[in-house]
Amino acid sequence: MEFLTEKLLFIALFIFIIHSIETLAYAVRLSGARVKMIASALSLFNVMVIVSRMANMMHQPVTGSLIDTAPESNPLEFVEAQYRFLIGASTVGTVFGILLLPTFVALFSRAIIHLSEERGSVPSLFKRIFSMHYIKRGITHFNLPKFSYLRNTKVKDLPIRLFFVNMFITAIYTIGVLSALYAALLAPERASTAIMASGLINGAATILLVIFVDPKVSVIADDVVNGRGNYQSLKNISIMMVISRLFGTMLAQLLFIPGAKYIAWFTAFIV
């Protein structure tokens, strides 16, 4: 049976988009602090989150169907290879987001101002930014990351614990659905229970993100707006966060199978 199917590429594209969007979400906070409009920036951030979550929901049923269409001989090895390919797509999507980060900081800064001018109307904002005139202007702001972007960045000033916490949470979020689906193959008699566990895993990762990561970055952004902090500090921690996301998607490759085995083991106590 062919490994690289159109369905697999379709799912990989969705995962690529999801992780690109979630990486670029850090540009929204940077832009909000840059133009001193954090509330409007968070509103734009919520729109991006909705798009990301919708894409996530759309690909999950199709991802589950990869198990249903797996060959009868060596299904575990076949599905594992396909799922590792999808985890790789999350890494590529994160790299793509990092490469576009400086460009999107500039574009989001203007989008936040336009959102204010449109009195908070997101449809009017979209109509404006997707006009040919705005697209042509946006192309002129395209700028790949340069080493100068890391100027004045000092490792000792970065919260290393936050780096590893965000990396671990990203890894859990990346494999939540995939490990649960693979656990259904490991414990076919408890397949439904294992699959439904994906919501619990992603929910736990989201809670950890909201409690341990987002508040710290938000406080630094508020300090910049209120004059208690400097923009460079926020930029440094944002760069650190996107790099930790990248390492998190790589860590997901290591945690994928252990995570699936743990879910399969845990379902025995539920059924």
Side-chain angles (χ1 to χ4, degrees), residues 17-52 93-118 120 122 125-126 128-129 134 137-160 162-163 165-167 169-170 209-210 212-249:
I17 293 171
I18 291 167
H19 282 266
S20 296
I21 290 175
E22 294 189 352
T23 302
L24 289 170
Y26 289 99
V28 178
R29 271 202 190 90
L30 280 169
S31 300
R34 187 178 183 182
V35 299
K36 300 189 183 304
M37 300 174 69
I38 288 293
S40 297
L42 291 177
S43 177
L44 195 59
F45 172 79
N46 289 335
V47 173
M48 294 182 64
V49 170
I50 290 173
V51 173
S52 174
T94 302
V95 171
F96 183 74
I98 292 173
L99 292 176
L100 291 182
L101 194 64
T103 300
F104 271 73
V105 169
L107 294 178
F108 282 145
S109 297
R110 286 157 180 77
I112 292 168
I113 294 172
H114 292 328
L115 181 63
S116 176
E117 293 173 350
E118 297 293 343
V122 174
L125 173 66
F126 283 170
R128 186 169 181 173
I129 65 177
Y134 194 89
R137 285 185 58 190
I139 293 174
T140 63
H141 292 291
F142 182 79
N143 185 26
L144 290 173
K146 300 176 182 177
F147 283 109
S148 59
Y149 203 71
L150 299 175
R151 188 182 300 141
N152 299 323
T153 301
K154 298 178 181 178
V155 176
K156 66 176 183 177
D157 296 331
L158 299 176
I160 301 301
L162 188 63
F163 178 94
V165 168
N166 190 56
M167 182 177 73
I169 292 173
T170 300
L209 186 69
V210 170
F212 294 106
V213 178
D214 278 352
K216 293 183 180 295
V217 182
S218 297
V219 167
I220 295 173
D222 285 339
D223 286 345
V224 174
V225 173
N226 295 322
R228 294 192 300 266
N230 59 76
Y231 183 77
Q232 182 64 41
S233 297
L234 179 62
K235 187 171 78 170
N236 290 348
I237 197 170
S238 297
I239 293 172
M240 182 200 75
M241 297 299 282
V242 297
I243 293 175
S244 72
R245 273 192 60 86
L246 176 61
F247 281 110
T249 61

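Everything quoted here is computed from the prediction, not taken from an experiment. Hydrogens, waters and symmetry mates play no part in the numbers below; they use all other heavy atoms, side chains included.
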From CG (L24) to NE2 (H19), nearest 0.5 Å:
13.0 Å
Got a second to check how far L99's CG is from T94's OG1, nearest 0.5 Å?
11.0 Å
Do you know the tightest heavy-atom contact between A27 and L101?
CB-CD1, 3.7 Å
Does a side-chain heavy-atom distance below 4.5 Å link I239 with I98?
no
What is the minimum heavy-atom distance between R34 and A106, and which atoms define it?
NH1-CA, 3.7 Å
Quick one: are E22 and T170 in side-chain contact, heavy atoms under 4.5 Å?
no
Would a 4.5 Å heavy-atom cut-off, applied to side chains only, mark L30 and L234 as touching?
yes
Check M241 against N166 and note the closest heavy-atom contact, atom names and distance.
O-ND2, 3.2 Å
Non-hydrogen atoms of F96 and S20 that approach each other most closely:
CD2-OG, 3.6 Å
Sorted by chain and number, sequence neighbours left out, side-chain contact (heavy atoms from CB on, under 4.5 Å) with I17 holds for L13, I21
Please name all residues satisfying ring pair (Phe, Tyr, Trp, His ring centres under 6.0 Å) with F104, sequence neighbours left out, ordered by chain then number.
F108
Atom CZ of residue position F163 - does it have more than 12 heavy atoms of other residues, nucleotides or ligands inside 6.0 Å?
yes
Would you find a donor on one side and an acceptor on the other, under 3.5 Å apart, between the side chain of R29 and the backbone of A25?
no
Closest non-hydrogen atom pair between S31 and I112, with its separation:
CB-CD1, 3.7 Å
Stepwise side chain to side chain contact (heavy atoms under 4.5 Å, CB included) test for L162 and I237:
CA-CA 9 Å; L162 188 63; I237 197 170; 3.8 Å; yes
Non-neighbouring partners of F212 that pass ring pair (Phe, Tyr, Trp, His ring centres under 6.0 Å), sequence neighbours left out
none
